[in-house]
Amino acid sequence: MTEQVIIAGFGGQGIMSIGQMLTYAGMIEDKNVSWLPSYGPEMRGGTANCNVTVSDDMVGSPIVTEASAVLVLNKPSLDKFESFVREKGLLIVNSSLIDKKTTRNDIRTYYIPANEIAAELGNDKIANMVMLGAYIELTKVVAVDSVLEALKKVLGESKAGLIPINRQALERGAACVN
Amino acid sequence: MAKVLMKGNEAIAEAAIQAGCKYFFGYPITPQNEIPAYMAKKLPQIGGTFLQAESEVAAINMVYGAAGTGARVMTSSSGPGISLKQEGISYIAGADLPCVIVNIVRSGPGLGGIQPAQSDYFQTVKGGGHGDYYMVVYAPATIQEAVDVTMEAFDVADQYRTPVTILGDGMLGQMMEPVEFKQPKKRTLEEKSWATTGYIGDRPRNIINSLYIVPSMLEDTIRKRFERYEVIKKEETKVEVYNCEDAQIIIAAYGTTSRICRSVIEAAEEIGIKVGLIRPITVWPFPDQAFEEYANKDAVKAFLAVEMSMGQMVEDVRLAVNGRKPVHFTGRTGGMVPTPKEILDKIKIILEEVN
């Protein structure tokens, strides 16, 4: 199993965070992982993306050029990364912010109203976790519990109260693709 | 100790601290800023000193001073900043002082760009400063290896009284991977009897100096230094040879580029092309022997150097192969990263030519 994922959106959507959470969860499960962020002046207010690899084997190139999955949270990211999905790969689109449909028919595409779901749950910031929930459900790359364990470590004691809503977000995302 | 998920830059900084580095002098530049940031936070907590100097020139001279007292000291920068530090590095080499320098390479020349590159190879390996000197240069490919070689670098610097460089790139600095901090194999290190720790009359005065007006004296010190270099070549050369048995094409690549090449090897295998990889872990001393060995094998048709530059290490590959087999080059520059497909296409072209 080797999952090579691109996650993209704009700064502030928690793009880097869910990438790290996925990487951390992979590490908890003793898989080989890497997380590579885009860095540079384009990040401020612009687009942000990261490449994540989770694999049973050693991670070769940490750069993802032919992605097994692409998660896009805003429209510029769909335009930029749609072509990176490999044949039969997975494209997960945040339909709350992207009204466009994919032009490709050689891949599997899912549209998730991530911001609407986050708003229903009462926290706009967790649209990213809804997207991650859908992706994990479709690939089973890591267990939801591993993501929550990773989240506990990243959030620390003081923010442990945020775990339940994150679990809900992951579950709602998963429910969208079932 | 359990594995932790860390950014390359932070992992290098933590490794330095665990290796006993107490002093850090630097000046900010992307893409290595997490190193000074980590040092600024951690060093005061362990009784060390972090200082952001007024310039790179000042920072390297602070390193020179601290190294002269025998302290474990480090600086880090990226291309343009390392250029400014060259005068100081030459003095440190000329005064036989140990220190560790980290270069998280960005693209050049000039201010260039901030994306990953390997275009500082010549500067680092062929002596960016003036005079007859080399320094040990580690080129790690993973964050774990960056940690391991950084810890070892302090021992090697002390043992041979030489500056040691960790040659990374923006990708290695910015990415995250799981790492484990393990102390390197214990070396027997001599006491630093040469250090300028304050003269109180109980030993001869120690003087840190790189100026020798009498040519014969300067020649003697340089020759002695080069005798040490011979020992370093013998004892400290590190290389990874991967999948080279029966390989038709052998890729030469170091650092993060070598990881892209590993992906190429898998893709080549799928279409029936046998590709191997020789990955220098030290780029100085360069692992000549590994190249010599495979240059003599009949199965090997050609070598291919892959770099994030217009071709710099390829010259060392040519010297090592010494005309026995063709040596090709492919690479991207300016902050662009070669894709596995580009490299595989080049391999196919080379094979067509030789068949």
Review point. Can you say whether Glu66(A) sits under 4.5 Å from chain B via the side chain, the backbone, both, or neither, judging by heavy atoms?
Key: neither

Check your understanding: What part of Ser34(A) is in contact with chain B, defined as an atom under 4.5 angstrom from a non-hydrogen atom: side chain, backbone, both or neither?
Key -> both

**Study point:** Options Thr23(A), Val52(A), Leu36(A), ranked by heavy-atom pairs under 4.5 Å with chain B, top entry
**Key:** Leu36(A)

Point to revise | Best-contacting candidate, Pro62(A), Cys50(A), Gly26(A), against chain B by heavy atom pairs under 4.5 angstrom | key: Pro62(A)

Practice item. Answer yes if the side chains of Asn32(A) and Asp56(A) hold a donor-acceptor pair under 3.5 Å, and no otherwise. Key: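 Not at all, the side chains of Asn32(A) and Asp56(A) share no donor-acceptor pair under 3.5 Å.
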
Exercise for review: Using non-hydrogen atoms and a 4.5 Å limit, figure out which bit of Pro116(B) sits close to chain A: side chain, backbone, both or neither.
Suggested key: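 Looking at Pro116(B), backbone and side chain both touch chain A.
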
Exercise for review: Could you look at Lys7(B) and say if it's the side chain, the backbone, both or neither that has a heavy atom under 4.5 Å from chain A?
Suggested key: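 Answer is side chain: those atoms of Lys7(B) sit under 4.5 Å from chain A.
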
Validation: residues 252-270 of chain B side-chain donor-acceptor distances under 3.5 Å, sequence neighbours left out:
unit_1, atom_1, unit_2, atom_2, d
Tyr254(B), OH, Gln118(B), O, 3.3
Thr256(B), OG1, Asp169(B), OD2, 2.4
Thr257(B), OG1, Gln118(B), OE1, 2.9
Thr257(B), OG1, Gln118(B), NE2, 3.3
Ser258(B), OG, Gly255(B), O, 2.6
Arg259(B), NE, Gly60(A), O, 2.9
Arg259(B), NH1, Ala141(B), O, 3.2
Arg259(B), NH1, Glu177(B), OE1, 3.3
Arg259(B), NH1, Glu177(B), OE2, 3.0
Arg259(B), NH2, Val59(A), O, 3.3
Arg259(B), NH2, Gly60(A), O, 3.3
Arg259(B), NH2, Glu177(B), OE2, 2.6
Arg262(B), NH1, Glu240(B), OE2, 3.0
Ser263(B), OG, Ser61(A), N, 3.2

Point to revise | Enclosure of Leu111(B) CG (heavy-atom neighbours >12, cutoff 6.0 Å) | key: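 Counting other residues, nucleotides and ligands, CG of Leu111(B) stays at 12 neighbours or fewer.
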
Practice item. Report, as yes or no, whether the 6.0 Å neighbourhood of atom NZ on Lys274(B) holds more than 12 heavy atoms from other residues, nucleotides or ligands. Key: yes

Review point. Got a sec, which residues hit side chain to side chain contact (heavy atoms under 4.5 Å, CB included) with Glu14(B), two or more places apart in sequence or on another chain?
Key: Met6(B), Gln18(B), Tyr38(B), Phe181(B)

